[in-house]
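We name chains A, B, ... by the order of the sequence lines, and we start the count at 1 in each one.
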Number of protein chains: 2
Amino acid sequence: MTTQPTDADTEEKTDAEQKNSDLCNVVGAVEEIGTEWKLITLHNLRDGEKRFNELKRATGASSYTLSRVLDDLEAEGFVDNRKELESPVASYYTLTEKGAGLCPVFEALDDWGANWLE
Amino acid sequence: MTTQPTDADTEEKTDAEQKNSDLCNVVGAVEEIGTEWKLITLHNLRDGEKRFNELKRATGASSYTLSRVLDDLEAEGFVDNRKELESPVASYYTLTEKGAGLCPVFEALDDWGANWLE
DNA sequence: CGGCATCCTTGGAGATACTG
DNA sequence: CAGTATCTCCAAGGATGCCG
């Protein structure tokens, strides 16, 4: 019964992912945060509110990619978005509590990097 | 001097990645660890030595993928590999100090997941 | 300024089959 | 058992252009 692809396949996750995220929330967390762009973007928001093109420059992502990443992050509750529709529109992004909750993770990564990166 | 693709382009990183990893080691760490499979595999090795097919079952990765992931991790110094060439060959993987150094990161992720997942 | 729409390229990863 | 080889597919992401 290793690879029974039951039609209860309503999730878009593979069964492997499902199995993993069931096991512990480390894996669940990794899967929710997922891509490098998400991490990098979240990390860039640590020091407070940023606007779209700031993030674009800071991360180096294309506007297309950044837009999609921010959409994802907002949908998942990691960031908040505040828009000013005045003359030149402005769009500000901040971390939610959920997003800010990742700071310890960043600190742990920072420590690790200090010891092991080059 | 934003996008001078100097022929000192011996790295395989894009300049965006380069810029990011220069900024801080959080991003550097994220880029080195990279894919979800690497994280999941490393995390599976926390509780000690595992062999190839154990990891294969535990992670759900295909042998092809797992093999490549382990190669990467070994090349980057995250895991050690010990082979026993007896009758049925056996191959054991363990975390190096560098790999084990990620445990605080896993703990931070675990904490975060406990608060924010599901 | 922010951000979609479109096109296109890449490689990450599954499935399968084969070897020492 | 522990991989390697091959084929294939799909999603992530860059480039560009346009629009409110």
Between [atom2] on [N] and [atom1] on [X], what's the gap in Å once rounded to a whole number?
| X | N | atom1 | atom2 | value |
| --- | --- | --- | --- | --- |
| B:D72 | C:dA13 | CG | C1' | 13 Å |
| A:L66 | C:dC1 | CG | P | 15 Å |
| B:E36 | D:dA12 | CD | P | 10 Å |
| A:E86 | C:dG2 | CD | C1' | 14 Å |
| B:K56 | C:dG14 | NZ | C1' | 10 Å |

Quiz item: Residues two or more places apart in sequence or in another chain: which of them pass side-chain hydrogen bond (donor to acceptor under 3.5 Å, both in side chains) with A:R82?
Solution: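 With sequence neighbours excluded, A:R82 shows a side-chain hydrogen bond (donor to acceptor under 3.5 Å, both in side chains) to A:E49, A:E84, given in chain and number order.
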Quiz item: With side chains defined as the heavy atoms from C-beta onward, is the minimum distance between B:E31 and A:I40 less than 4.5 Å?
Solution: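 Yes. Closest side-chain heavy atoms under 4.5 Å.
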Quiz prompt | Base-contact (B) and sugar-phosphate-only (S) positions in nucleotides 2-9 of chain D, heavy-atom cut-off under 4.0 Å, - elsewhere | solution = SSBBB---
Practice problem: For the pair A:L102 and A:L42, evaluate side chain to side chain contact (heavy atoms under 4.5 Å, CB included) and give the outcome as yes or no after the intermediate values. | Solution: CA-CA 9 Å; A:L102 286 171; A:L42 286 171; 3.6 Å; yes
Quiz item: Does a nitrogen or oxygen in the side chain of A:W37 sit under 4.0 Å from OP1 or OP2 of D:dA12?
Solution: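 It does not, given that no N or O in the side chain of A:W37 lies less than 4.0 Å from OP1 or OP2 of D:dA12.
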Exercise. Taking only the side-chain nitrogens and oxygens of A:S62, find out if one of them lies under 4.0 Å from OP1 or OP2 of D:dG14.
Key: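 It does, given that an N or O in the side chain of A:S62 lies less than 4.0 Å from OP1 or OP2 of D:dG14.
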Quiz item: Could you go step by step and tell me if A:L55 and A:V69 meet the side chain to side chain contact (heavy atoms under 4.5 Å, CB included) rule?
Solution: CA-CA 11 Å; A:L55 285 171; A:V69 167; over 6 Å; no
Exercise. Could you walk me through whether A:L73 and A:Y93 pass side chain to side chain contact (heavy atoms under 4.5 Å, CB included), step by step?
Key: CA-CA 10 Å; A:L73 290 176; A:Y93 295 90; over 6 Å; no
Quiz prompt | Residue pairs fulfilling side-chain hydrogen bond (donor to acceptor under 3.5 Å, both in side chains) with at least one residue in residues 106-117 of chain B, sequence neighbours excluded | solution =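 Every candidate side-chain hydrogen bond (donor to acceptor under 3.5 Å, both in side chains) pair involving residues 106-117 of chain B fails, so no pair, neighbours aside, qualifies.
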